[in-house]
Each structure stands twice: as structure tokens, then as C-alpha cells.
Amino acid sequence: MLGVTGVAGPLGRAALLVGLVGAVFGLVSAVTGTRQSDPKVLRLVPRFAWLTGIASLGAFVCMEWAMITRDFSLAYVQKVGSWSTPALYNFTAVWSALEGSILLWLMVLTFLTVGIAVKYRAKLDDPMVGWALATMFFVGVFFFVLTLGPANPFAAGPAGVLDGPGPNPLLQNHVLVVFHPPILYLGYVGFTVPFAFAIGALVTGRVGEGWLLETRRWALMSWGFLTFGIILGSWWSYEVLGWGGVWAWDPVENASFIPWLTGTAYIHSVLVQERRGMLRVWNLSLLVSTFSLTILGTFLTRSGVLNSVHAFSDGQIGPFLLTFFAVIVLASVVLIGWRGDLLRSPGTIDSPLSREGAFLANNVLFGVFAFVVLLGTVFPLIVEALQDRQLVVGEPFFDRLGVPVGLTLLFLMCVAPVLPWRKASGELLSQRLFWPAWGGTLALLVSVVVGATGIAPLLTFFLGGFAGGAALRQLALATRRQGLRGLVGRANGGMVVHIGVILIAVALAASNSFTRSQELTLKLDTPIEWGGHTFELVGFSREEDDRQTRISARVEVDGTERAPAVTKYLKMGNNIGTPSVLTTLTKDIYVTLEPPVKMDSGTAKIKVFVKPMIVWIWVGGAMMAVGTVLAMFPGRRRKPTDPVSAPVPEAAAP
Amino acid sequence: MEGPTEREMLEEQLDFLLDSLRDLEREREAGDIDDDDYRSLRDDYVSRAAAISHQLRGDEIDRPDDTPPLPRRTWPRRIVAVLVVLSLAAGSGAWVASSAGQRLPGQSSSGGIEESTATRLSTARQLNFSDPTKAIEIYNEVLKVEPDNAEALTYRAWLIALTAREATGNLRDVAYATVLADLARARGVDPGYPDAACFLGIVHFRFLGDARSAKPEIDECKAMNPPAEVESFVDAISAELDKALAD
């Protein structure tokens, strides 16, 4: 035994209680201090923020301590803890089920609240900051209530339990479990900040462009984390689940993708409001949608209403989340309606052939895409609730929608970066699109030469080359003027993100259209040729410990030994396949071992996928992350957090 | 809760526009923005700032005649917008409804990963008795990918044989011919697979009344130590088969 056990529960519960009290007092002091413009009360706000942060961190540490010491007095440790789980997966087991994941969510939220309170400590008397902090505390109160009520990680379990099953086998099979959930949560929870400022703007009536500048970097950071979290999730799915794909339109994947779509729409349309003062209601609606969709996604994932590869299907948390979702949506709609007159934009779009016209089209596409994916995700749940019929909306539905929308977005990525604001002339466009169009033509020619066929993939490669050319053109212009400094800033960082997106789109088109797969039965020392590759079974290996039995087939793929495996987790009884992936720049050879494995028979059944260009999905994801970081630097614009009402220097004033 | 006065709002707007103009100059200096964008944005900012300054200078909050009024949405436009949104929603609803299908046990409510043959066979096994039609569909899918899969051939044949009991005439003959062919093929593909031999024997005896053809199959089945659930079928007819042959 590792030391003191049994203290984590009381300490953790106490920490959560202190945190709840801190959040309630923070909410009350932010609201009363702002309403009464009382600096003494407002000065308390950052202290309460710190109190909630320290309390949630304390609770998290208690939970980790309980897991490390295998404190089986707690129901949560009984559910996901085990003496046989290795240290790394035991550490990550804290967020491997409902209660712990809500605790992680809470910790991220409270530290974002601390971040806001610290960053704006000199501007607490600004009512917009006060209301934004009140909103953050309000959300914090809700999550503290969850952790003390229906998702209490410190609830006592039945006495006498000495060991548990450990986390879900899929969550103790790959190191990405350390990174994917926390990064995704940073994205989800991060959108609370721009949402809070949007509420602050609506309450104070300062719905001009000022609040956007305050939240620009927060929104971009949250979007970046959400993007990177989704990419890591795809990678994890590819490396762990053994079906050879990266995206399955599973409800939990959709739950992260839908807010990503509305968030992506927002970071584009916000530029139109900043530059032209338009789309005010739309931007507020997008922020509200993005935040509420993260709550809806949490409901879908954690309420047990659906079956999925990685849904946490237990708990009584559903009604709480659904009520909170309804409150958020209702309050936001009421506030937007209340401030309707102030939200009218002072300008209109002069021409559809303009930067703002392209952004509007982009937003319509993202909005429609988000709506239809949401509909496809919740439709089976609605039918089940009303008619008690169990339906599935399959992958083809989402693919049929995704292909045309994706192609149209690629087209917009070709044109939008070269469009000027307000209005473009045909001459200007033809001049700016000349080299990008040649890039597209070259990509198309190369695709045809290497044997690509089919309208959708060829169109994707053409538009990918075209859009890549447009992004590179802008980067080339910027770096020619400023050297590498030209890569920094929102516009040019955004172009790096575009290149990442293009790589992903092209790689997805190639892998979805040209993947070949086959099940092969291999006999020992008997090579089989398939798809231009040689596969030979050279033996088996078996590893056994008190956690698992792992049988690997040693298969030589073109002379390189690979070891696809099937692992039986003894306490769960599940067979989990571990694929072996041979990655090159042009294709992956993905091999899975199919159960049941009969080592004595001297044969092994494997499934082989030859998947072109998969590695470029991960390269594209990395480029999106890098581009987001570059875009977060302010470039030559003013610091985004400078107050818009700051005195304008005389020299600069017109 | 009171909002800002109109004057405060105008001042904030003006500050924002002046800052934006400064940003624009810096961006142009840095080469982040081209000349066309620069000109169009500068004109926009300057005209908006001038209009606001005009209002503020006159300390006249009522909008002067030369300032363009904020655009207002007219009712016909609103109705058209609502109709477009409703049509889109209705169309999407109809589309998703037509795309939905029956969910199988263990399947997620949307999307879903492409299953391996082993997983498909496992699902089909669970449906053999509760939903034989669906099970046959799954075996068909498996056989499309792997035409020589002994389990899929055997159990599809067995489920067809059970269904064909109700059939008459030519249809029944065709069905049983297919069943026997598939079972024989399964045996040929995997001679060590007992289920194919067992079902071949049962079909010959129970459904076709041919005890002589059934006997060697049943003996071979027993010799291969079939799984318990199949063995129970075989045990049930073994004595009857011996009696029929003795008669």
C-alpha cells in the first residue's frame, strides 16, 4: 500500500464545497460590485476566483491521490481503479469516466476564471468585465453543483472492495489518452470566455466592436485547442480502434465537431464585424451557439442517452445538463432580443464579390453543416424518446453532406484570400487568381498522372492545389516584405491554418477514395502477395500479466516485421485489437489481427488496409496548430486587450 | 438594467473606428494588407467616423439629415428569411428521416465504424434466432467481402433452410438446393468445421427426409466435437435417425 488512504474523499468533498462557496460569493460580488460600482466589493472578485481555482485544483489532486493510492473506499476508484493498471493509465484514469472528466472540466474552467480575473484586474470597474466574470462564476457554480451532486467523484462506495476493473480498455491502450481529453476540454471550456464577454456586452448594451477585441485571442486559443483535440482524437481512433479509419461520425465525435463548425464560422465572421461593423447579431448567436453546443455535447456524451465508442453511459447528470443548456439558450435569446435595436449593423454588404461576401457564404455553409450534423446526431434520440424505436443515421448520410460542403468550402478558400473588402473587379480577380489557378491545374495533372480517378477526388485535388496556391501567394507576399516576420499575425497565421486544412482535405479525399482492404489468412512461413505487398507470418508472441493477455502475430510486411495484436483485458473480458501501422509519406499499410487467434493452428487471420496519404492528415493538423499560434500573435495591430476607449494619441488622431 | 446612453455608444464607436484606422496604417506599413483593401477599408472607416463625429460635434443626438439611417429589416424580408430557414429545417428533417435505419445491438446512434468480419459474424450470431432476416443480410455482407467464409456460408444456409420449411413446390426445391450447395461448399472450404457437417445432416434428415445421406454427415459432425448449441440439435435427431435407418 502506498500510504494514507481514506483521506482523499473527505478532503476532496471539502475542497469542492469551498469551491462552490467561492463561486457563489464570486458571482454575488461580481454582480453587486458591478451594479453598485463598488470598488471594494469588486476587489474581492479575483480573490474568489483564486479560491475556486485552488479548491478545484485541490479536489483534482485529492482524486489523483485516491487513484494513486488505490483508495477503494471511493465509488469512482472502484469503477475505474485497479491495482494492475500501469502508473500512466492510472493517472489518466481520473478523466476516464463521467465524474472525473467533469472534475477536469471544472478545474480548467476555474483557472480560466482566474486568468480573466488576473488579466483584467485593473479594469474590474468596467461593467462589461464585471458581467463577464459573473457569467464565468455562474457557469462555475453549475459545475461545482454537478461535482457535489450527480457527478460526485468523491462519493463513498460499498465497503469491502479491494480492487477494481481499471479504466475502459480503450483508455489504457495508447499514450494519447494523456493529451486528447485535456486538450479537447481546453477547447470546449475555453469558449466560455468569449461567451461570457458576449453576455457582458449584451447586459451592458456595449454591443459595438469593443468586446470582440477583448475576446479575439481567447476565441482563437479555444478554437485552436478544440481543433488540435479533434485531430488527436482522430489519430487515437486510427491507432487504437483497429477499423482503419479516422472519423466515423460517431455521436461523440459529432459532439465535438458541431461546436467546432460554429466556432470556425465565428472566427471568420468576427473579422467582418471588426472591419465593417456588420453581422453583430450573427456573431453573438454563433458564440452563444458554440458555448451551448459544448454543453449539449456534454449532455450527449455523459448522460447515457446514446451508445458510442467512448460515451460515458451512466450517471444522473442528464437533466442537470439539459436544464443548464435550456437556461443558457433562453437567457441568451432574451438578451439578444432585448438589445435588438443596438445590434443593428451600421453597414451592409456592398457586393457579394468581396471579402465579407465570401465570409458570409462561408458562414452559411458552416451553419448549415452544423445544423444538419446536429440533426443527424440527435434525430435517433428524438425518435427513440417519442416512438421507442431504435434508429441509426449512418455514415453515408454525413458523407453525402460533407463532400459537397467540403468542396464548396475549398472553393471559398481559393477565392476569399485574394478578395478585397467591399468590392472586387474582374480584372483584379483574374490577376490575383492567375498563379493559384495554375497551382490547381498542376495538382490535377499530377493526380491524373499518378492514376487518380473519380470526380469528387479529382475536384478535391484541383481545388486543394488552387486554395494552396492562394494561401501561398499571400504568405509569399507577406514574407517578401517582412521576411519570416510575415508569417506572424492573424491574416498570415490564418493562411498557414488554411494550408493545414487543405492537406487534411486532400489526404481525406485520397484515403477515402483509394483505400484498398482485404482479409488474409496467413500460414506460418508462407508469403502471400496482395496489393503489391508481401505478407508473411513468421510466428506469434504471447505476453501475460495480471492485467492482460496479449497475443501478437509477427508478420513481415515487405520484409519489415510488424506485430498486430489482440489484447484480452482480464478484468473486463474485452478483446481489444492493436493495429500495426507502417507509415510512409505516400501511404500507410495498416494491419490488424482478427480474433479468435489460434496460435496452435499456425495460421493467423489479418485484415490489411493500404491507405494513401494518411500521414498528411496529421501533418495538416500540426500545421493548423502552428498557424493558430502564429495567428494569436498580434502582428502589427494594437494589442487586442487594449481598451477600445483608450485615449487616442494626438499624433495618431486624424 | 440601463444600457449606455446613445452618446456613450457613439463615443465608443468613434474610438473603435479611430483605432481601426491606426491599425490599418500599421498593417499597410507592415505589408499585411494590399492597396485595394487598404483604400476600401479606410474609406469605410473615415465615412463612418465622420458621420459619428458630426453627430457628436453638434451635441445633437437626434440623427442629422445627412447621416444615413441604420438599415431596418422590412417585414417581407423577415418573412422570406423565416420561410427559407423553415424550408431548410423541414428539408433536412425529411432527408435525415429517410436516411435513418434500424439500429442493431451495440451500434451507435449515428455513424459507426466499419466492422471487421469477426465483429459482423458476432452480431449475426446474436440475431440468428431473434431476427433471422437481419442475420442473413449480415452473412451476405460478410460473403461479399470473404466469399469462402465457412461460418457465414453455414449459418446463412441454416437460416434459409429454417425459413424454407414453410415454402412449397419449386421455391422449396430451389431453396434446399442452395442450402445443400452452400453447406457442401463450407465443408470443402474448412473440413475441420463441425457446424457445416451437422447442419448438412440435419437438413438431409429433417427437411428432406433422406436418412441415408444424413447418417455420414451426423457421424462426422459428432466426431468433430461440435459446439454445445449445435450438439443439442444433433443429439435430438440421432436416435430418430438410427431408428429410421433400421426401419
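A, B, ... follow the sequence lines: proteins, then strands. Residue 1 opens every chain.
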Task: Nearest heavy atoms of A:G376 and B:V96, plus distance in Å - done: CA-CG2, 3.6 Å
Contact origin within [X] toward chain B - heavy atom pairs under 4.5 Å:
X      : value
A:F379 : side chain
A:V378 : neither
A:R355 : side chain
A:D399 : neither

Task: chain B interface, residue from A:T521, A:V368, A:L401 that has the most non-hydrogen pairs under 4.5 Å - done: A:L401
Open item on the list: Which one wins on heavy-atom pair count under 4.5 Å against chain B: A:F371, A:F397, A:W247, A:W249?
Closed with: A:F397
Task: Region of B:A49 in contact with chain A, defined by heavy-atom distances below 4.5 Å - done: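 Neither part; nothing is under 4.5 Å.
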Task: Residue part contacting chain A, namely of B:D148, when any heavy atom lies under 4.5 Å - done: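 Interface part for B:D148: neither.
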Task: B:L41 CG to A:E274 CD distance, which is reported to the nearest 0.5 Å - done: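 Going from the CG atom of B:L41 to the CD atom of A:E274 covers 11.5 Å.
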- [ ] Could you tell me whether the side chain of A:R400 reaches within less than 4.5 Å of the side chain of B:S99, counting heavy atoms only?
- [x]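 Yes, close enough: below the 4.5 Å cut-off.
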Task: Minimum side-chain heavy-atom gap A:L375-B:W95 below 4.5 Å - done: no
Open item on the list: If you count every heavy atom of other residues, nucleotides or ligands that lies below 6.0 Å from A:E427 atom CD, does the total exceed 12?
Closed with: no
